[in-house]
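Nothing fancy with the numbering, it's 1 onward along the sequence. Just the heavy atoms: all of them, side chains too, but no hydrogens, waters or symmetry mates, feed the values below.
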Amino acid sequence: ISAVLIVFLIMPEKFRAVSVIRATEASQLTIEAYLNSANFKRKLVKTYNLLPIIFEDEWDSTTNSWKETDVRYIPTPQKAIESPNFPLKVSTDKRTKLILLSWEAKDSIIAAKYLQSSLDVLSKYMEEEYVTDAQTQIEILEQELGPLAQQFDSVWEKFWQLEKISIANTELLRAYTHLKDKLSDLKTKDALSRKFDVIADPVPPSEPFKPKRAVIIGATGVGSFCFGILVLFVREAVRREKIGRSIEFLS
């Protein structure tokens with residue numbers, strides 16, 4: 001009875017929104033490292049003001065302020081990053097290499113909302129902030145290609161008027177084509193280094209994952225039954241001991 005009352009009336013419900021992403025072979029390690037980094041968590045905390053959510057027991061929603069007035073004990077982004085209760089969990093399936101993200105919250109809509117926000121931060125980083133090796137090479141190659149492209153354009157304008165192509169012009173065309181092909185390969189490599197697909201979008205879960213009511217009540221019921229049997233055996237043993245002593249006393 002106590003277990004039922006505690007599970008239904010005292011223990012808070014927690015919902016878990018889940019998303020699955022598939023990275024390319026070139027982007028896998030980068031995405032895993034970023035999702036588990038302090039920089040990623042810090043950006044999440046600051047961008048979406050997560051401190052009141054992570055430390056909700058210490059936040060007064062009526063006054064929109066911290067219950068604790070001592071600056072030393074007021075939650076900070078660094079404390080949130082180091083907290084074992086950080087709501088975002090990241091894991092990778094070793095067999096399929098799929099990356100699983102989950103967000104835990106007391107509200108199912110909030111769980112899905114902030115998990116989507118996490119994916120948005122990841123997308124922005126991979127598209128705009130992450131500097132790949134290929135990107136660095138592309139920038140260098142484009143600088144080399146600029147003057148060569150101008151020479152190629154001037155030659156190409158007169159190409160059909162030429163009776164024969166000079167060796168210099170042939171070398172220019174060859175060099176230009178080679179650099180263009182190399183640039184195209186680098187851009188493909190750069191794209192693959194950033195690419196990932198969300199194959200399971202975050203949706204508000206319909207049922208809480210905590211507390212596991214059926215498991216708790218079932219385990220408590222079995223435990224109570226076993227404890228009751230043990231008490232009966234002890235009482236029976238005590239009763240028999242008393243009877244034995246009484247018979248021994250009377251005889």
Let me see the working for Trp59 and Asn64 under side-chain contact (heavy atoms from CB on, under 4.5 Å), right down to the final yes or no. CA-CA 7 Å; Trp59 177 257; Asn64 287 329; 3.9 Å; yes
Any donor and acceptor pair, going by atom type alone, linking the side chain of [X] with main-chain N or O of [Y] inside 3.5 Å?
| X | Y | result |
| --- | --- | --- |
| Arg22 | Asp197 | no |
| Glu32 | Thr92 | no |
| Ser19 | Asp201 | no |
| Ser108 | Phe15 | no |
| Ser193 | Lys189 | yes |

Can you hop from [X] to [Y] via hydrophobic side chains spaced under 4.5 Å?
| X | Y | result |
| --- | --- | --- |
| Met126 | Leu192 | no |
| Ile74 | Val45 | yes |
| Val203 | Ile21 | no |
| Phe196 | Leu88 | yes |
| Val20 | Leu119 | no |

Dump the intermediate steps for side-chain contact (heavy atoms from CB on, under 4.5 Å) on Trp66 and Phe55, then the final yes or no. CA-CA 9 Å; Trp66 297 108; Phe55 301 100; 3.9 Å; yes
For [X] versus [Y], what's the shortest heavy-atom pair and its separation?
| X | Y | value |
| --- | --- | --- |
| Glu236 | Arg239 | OE2-NH2, 2.6 Å |
| Arg16 | Ser102 | CG-CB, 3.7 Å |
| Arg194 | Glu127 | NH1-O, 3.8 Å |
| Asp70 | Glu68 | N-OE2, 3.1 Å |
| Ser118 | Leu44 | OG-CD1, 3.6 Å |

Going by heavy atoms in the side chains, are [X] and [Y] under 4.5 Å from each other?
| X | Y | value |
| --- | --- | --- |
| Tyr114 | Pro87 | no |
| Lys79 | Thr76 | yes |
| Leu98 | Ile199 | yes |
| Gln28 | Ile99 | yes |
| Pro75 | Ile54 | no |

Apply salt bridge (charged side-chain N to carboxylate O under 4.0 Å, His left out) to residues Lys124 and Asp120 and explain how you reach the verdict. CA-CA 6 Å; Lys124 184 176 180 181; Asp120 293 341; over 6 Å; no
Would you give the length of the straight line joining atom [atom1] of [X] to atom [atom2] of [Y], rounded to the nearest 0.5 angstrom?
| X | Y | atom1 | atom2 | answer |
| --- | --- | --- | --- | --- |
| Leu101 | Gln116 | CG | CD | 11.0 Å |
| Arg42 | Ser37 | CZ | OG | 8.5 Å |
| Lys113 | Leu115 | NZ | CG | 13.0 Å |
| Leu100 | Leu35 | CG | CG | 11.0 Å |
| Ile138 | Asp133 | CD1 | CG | 11.0 Å |
| Ser117 | Leu122 | OG | CG | 12.5 Å |

Taking side chain to side chain donor-acceptor pair (under 3.5 Å) as the definition, give me every residue that meets it alongside Asp93, ordered by chain and number, with sequence neighbours left out. Thr96
Sorted by chain and number, sequence neighbours left out, side chain to side chain donor-acceptor pair (under 3.5 Å) with Lys41 holds for none
Would you indicate whether [X], at its atom [atom1], is surrounded by more than 12 heavy atoms from other residues, nucleotides or ligands within a distance under 6.0 Å?
| X | atom1 | value |
| --- | --- | --- |
| Glu25 | CD | no |
| Lys89 | NZ | yes |
| Asp185 | CG | yes |

Verdict with reasoning, Tyr34 to Val90, per side-chain contact (heavy atoms from CB on, under 4.5 Å): CA-CA 11 Å; Tyr34 184 63; Val90 181; over 6 Å; no
Just checking Phe40 against Tyr125, ring centres under 6.0 Å apart? no
How far apart are the C-alpha atoms of Ile53 and Tyr48, what are their side-chain angles, what is the distance that settles it, and do they pass the side-chain contact (heavy atoms from CB on, under 4.5 Å) test? CA-CA 10 Å; Ile53 294 174; Tyr48 299 101; over 6 Å; no
Presence of salt bridge, Glu58 and Lys67, under 4.0 angstrom: no
